[in-house]
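What follows is a single structure, written as structure tokens, with notes after it.
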Number of protein chains: 2
Amino acid sequence: MDDDKVFKTLADPSRRKLLDSLCDHNGQTLSQLCAALEMTRQSVTQHLGLLEDANLLSTTRKGREKLHFINPIPLYEVYERWIRKFEEGRLSLLHDLKTQLESDQP
Amino acid sequence: MDDDKVFKTLADPSRRKLLDSLCDHNGQTLSQLCAALEMTRQSVTQHLGLLEDANLLSTTRKGREKLHFINPIPLYEVYERWIRKFEEGRLSLLHDLKTQLESDQP
DNA sequence: CCATCATGCAGGTATTCACCTGCCTTTCTT
DNA sequence: AAGAAAGGCAGGTGAATACCTGCATGATGG
């Protein structure tokens with residue numbers, strides 16, 4: 001997985017909104033997804049392209065429609081590699097801070 | 001908390017590297033943090049400024065030095081609001097996909 | 001005190017990015 | 001078959017951003 005791609009893709013509020021919309025109702029078409037976003041269909045296409053490129057969603061053609069499905073795995077990997085790491089170090093970090101602050105006092 | 005700020009701040013690999021470095025060794029000075037990043041001190045200052053603005057780290061002055069400490073809370077909140085949500089829907093999403101694919105078959 | 005070290009502040013630039021408009025192809029419906 | 005509906009492709013623009021150079025300030029140690 002490309003960490004960087006996932007983070008950069010999640011950086012845009014419109015793209016997060018798209019994921020959100022798909023989480024409510026998975027398998028939507030482009031036109032359906034456009035309804036939530038007050039921007040051009042072409043712009044939404046670009047955003048969806050980036051999301052697919054980051055492997056955050058996958059698509060299926062069905063006749064003239066294109067259906068979009070969330071792929072939750074990269075999000076979970078981001079959690080595993082990034083957030084859990086800091087969570088584990090949480091208590092020791094707080095301890096470091098306490099020690100540091102105390103060393104300022106006479 | 002400003003979700004958007006946190007996501008945008010995490011989007012840059014240099015800033016993630018800084019957080020990583022602080023996770024290994026909390027309470028580093030600016031100069032120490034510069035060592036890991038092959039870029040100008042001034043650029044690192046900008047990155048640290050953004051991280052602090054997103055509340056991902058806090059600082060303390062100690063004489064002429066400025067010490068940097070990670071704040072793991074926003075990361076945890078991102079997990080709570082974003083990643084856990086998709087994780088919970090994971091099984092049902094896979095079910096939706098399965099149903100969708102099956103409806104393509106005759 | 002004065003040289004040095006750690007940091008702050010102010011532009012300057014080149015790339016990236018998030019939008020848009022305009023036009024074309026494919027599929028469905030009647 | 002013809003119009004409508006869904007989507008694809010290309011190029012263009014303005015704002016954001018990630019760097020940089022150059023100079024100023026405050027703390028420390030001999």
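What you are looking at is a predicted structure, and each value in this text was computed from that prediction instead of being measured. The chains referred to below are lettered A, B, ... by the order of the sequence lines, with proteins before strands, and numbering in each begins at 1.
- Judged by closest nucleotide on DNA chain C, B/K66 is the one of B/K66 and A/R64 placed further toward the 5' end.
- Here the side chain of A/H25 pairs no donor or acceptor atom with the backbone of A/C23 at under 3.5 angstrom.
- Looking at residues 6-17 of chain B, you'll see that no heavy atom sits under 4.0 Å from any atom of DNA chain C.
- For the pair A/S21 (side chain) and A/K17 (backbone), a donor-acceptor distance under 3.5 Å is absent.
- Side-chain contact between A/S43 and A/E38 is absent, with no heavy-atom pair separated by less than 4.5 Å.
- For an aromatic pair to be called close, the ring centres must be under 6.0 Å apart, and A/W82 with A/F7 satisfies this.
- In the hydrophobic cluster analysis, where Ile, Leu, Val, Met, Phe, Trp and Tyr join through side-chain heavy atoms closer than 4.5 angstrom, A/Y76 is grouped together with A/L51.
- Side chain to side chain, B/T59 and B/E52 meet the donor-acceptor criterion of an N or O pair below 3.5 Å.
- Between A/D12 and A/R16 there is no salt bridge, since none of the side-chain N atoms of the basic residue sits less than 4.0 Å from a carboxylate O of the acidic one.
- One atom, NZ of B/K62, and another, C1' of C/dC5, lie 17 Å apart when rounded to the nearest Å.
- End-to-end axis angle of the helix from C/dC1-D/dG30 to C/dT30-D/dA1, from C1' rotation axes over five pairs per end: 30° (rounded to 10 degrees).
- For the contact set between residues 28-52 of chain A and DNA chain D, defined by any heavy atom under 4.0 Å, the members are A/T29, A/L30, A/S31, A/R41, A/Q42, A/T45.
- When each of B/L10, B/L56, B/T9, B/L57 is paired with B/P74, the side chain to side chain contact (heavy atoms under 4.5 Å, CB included) condition holds for B/L56 and for no other.
- Using a 4.5 Å cut-off on side-chain heavy atoms (C-beta onward), B/Q28 and B/L67 make no contact.
- Within the 3.5 Å criterion, the main-chain N or O of B/N55 finds a donor-acceptor partner in the side chain of B/N71.
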